[in-house]
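Computed from a predicted model, the values in this text were never measured in an experiment.
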Amino acid sequence: MRFLSSRIMTQCAAQAVLCLLAFNAHAAGAHESPPVPAAGTRMTLQATASAQVPLDTVRITLAAETEAADQATASKALATALAAATKEAQGVAGVISHTGNYGIWPSRDQAGKINGWHGRGEIVLQSKDFSAASALATRMNGNVVISNIVFVLSNEARQAQEHKLLGQVAQAFQTRALEATKAFGFAGYRIEQLDLNGTGAVPPVPHPMPMMRMAAKAGEDNAPLEGGNVVVSVSVNGTIVLH
């Protein structure tokens, strides 16, 4: 019986050792270092393609201002002026209109006492038809005053231009990679990583307003609007492996 017990204990000890070895092997495998990158000389490159694009959208801000002895009167007068301007702007083909900033605030005398109320509200016209927007703003200039004109590039125009530039920037990157390969005496290269970047939202470009104001006051033809150009660019950053 003693011999049998000893044999059983020996077998249990052997199994425990095997389990411990298996656990250690699994743990070692779990903590293995990440695979070593393929051998080669790495180089980071950048290429850019750009083009001038005409700004295709105009935003004209028209403002109404009121003054009154009390807040209710100032608010009512401002609401009436904006309602009339909004009605005039609606239904014009090719022009989108919406309300802008709106505010009523008090004015005070030297003693800090309220002696009146001021109000200011805005109507914003937006269009890709510069002539239609200019004509509408000129007609509305009797009730509201043109306070700001900016030109922007629409998202669809920017995306279309970036799509055109994509092929150019890809060719420019490949040309630069090939030139670097030859310049440093390597036989060839492969692309390891690429990061593509675009211009993103193009900031609005302000437009001087005196010409449009003069045309409206003198009852002349609508002042011409010219948006100018903006630069749209696409760039790519990448890593190549020389071999």
Side-chain angles (χ1 to χ4, degrees), residues 46-65 81-82 85-103 120-173 175-176 195-237:
Q46 181 181 20
T48 302
S50 59
Q52 285 197 346
V53 183
L55 296 165
D56 64 342
T57 304
V58 63
R59 291 176 186 164
I60 304 176
T61 301
L62 303 103
E65 297 186 6
L82 291 177
T86 301
K87 184 177 180 180
E88 188 173 8
Q90 290 176 344
V92 178
V95 181
I96 299 174
S97 62
H98 62 85
T99 56
N101 295 327
Y102 181 97
R120 188 179 189 277
E122 297 177 343
I123 299 293
V124 181
L125 309 179
Q126 180 169 315
S127 179
K128 293 183 179 181
D129 187 340
F130 293 176
S131 297
S134 175
L136 177 58
T138 301
R139 290 199 307 270
M140 296 173 63
N141 220 3
N143 299 320
V144 287
V145 179
I146 298 172
S147 65
N148 191 32
I149 301 176
V150 296
F151 293 89
V152 298
L153 183 66
S154 64
N155 288 333
E156 53 268 28
R158 176 182 56 80
Q159 291 173 0
Q161 186 59 51
E162 287 181 348
H163 181 73
K164 293 179 181 179
L165 294 173
L166 188 58
Q168 297 180 25
V169 75
Q171 183 61 48
F173 184 88
T175 300
R176 178 164 292 185
D195 294 315
L196 187 65
N197 300 298
T199 304
V202 179
V205 178
H207 181 79
M209 297 173 293
M211 289 181 60
M212 197 166 185
R213 285 177 174 170
M214 288 192 301
K217 290 180 180 179
E220 300 173 355
D221 294 336
N222 305 324
L225 295 179
E226 295 182 2
N229 298 322
V230 69
V231 176
V232 175
S233 62
V234 173
S235 63
V236 60
N237 298 289

Listed partners of Glu88 passing side-chain contact (heavy atoms from CB on, under 4.5 Å), at least two apart: Arg139, Met140, Asn143
Within 6.0 Å of NE2 in His163, more than 12 heavy atoms from elsewhere: no
For Ala157, all residues meeting side-chain contact (heavy atoms from CB on, under 4.5 Å), sequence neighbours excluded: Asp56, Leu153, Ser154
N/O donor-acceptor pair under 3.5 Å between Arg59 side chain and Val124 backbone: no
Heavy-atom closest pair, residues Val58 and Ala133: CG1-CB, 3.9 Å
All pairs passing salt bridge (charged side-chain N to carboxylate O under 4.0 Å, His left out) where residues 140-157 contributes a residue, at least two apart: Lys128-Glu156
Shortest non-hydrogen separation from Asn229 to Pro54 and the atoms involved: OD1-CA, 3.2 Å
Donor-acceptor under 3.5 Å (Ser127 side chain, Gly94 main chain): yes
Heavy-atom closest contact (Ser233 atom, Thr48 atom, distance): CB-CG2, 4.3 Å
Donor-acceptor under 3.5 Å (Thr61 side chain, Ser147 main chain): no
Atom CZ of Arg176 with >12 non-hydrogen neighbours under 6.0 angstrom: no
Stepwise side-chain contact (heavy atoms from CB on, under 4.5 Å) check, Val95 with Asp129: CA-CA 7 Å; Val95 181; Asp129 187 340; 5.7 Å; no
Student check: side-chain heavy atoms of Leu82 and Ile123 closer than 4.5 Å: yes
Shortest non-hydrogen separation from Leu165 to Ala49 and the atoms involved: CD1-O, 3.7 Å
Backbone of Asn101 reached by a side-chain donor or acceptor of Glu122 within 3.5 Å: yes
Interatomic spacing from CD1 in Ile60 to CZ in Phe151 - rounded to 0.5 Å: 7.5 Å
Heavy-atom pair of closest approach, residues Val144 and Ala85: CG1-CB, 3.9 Å
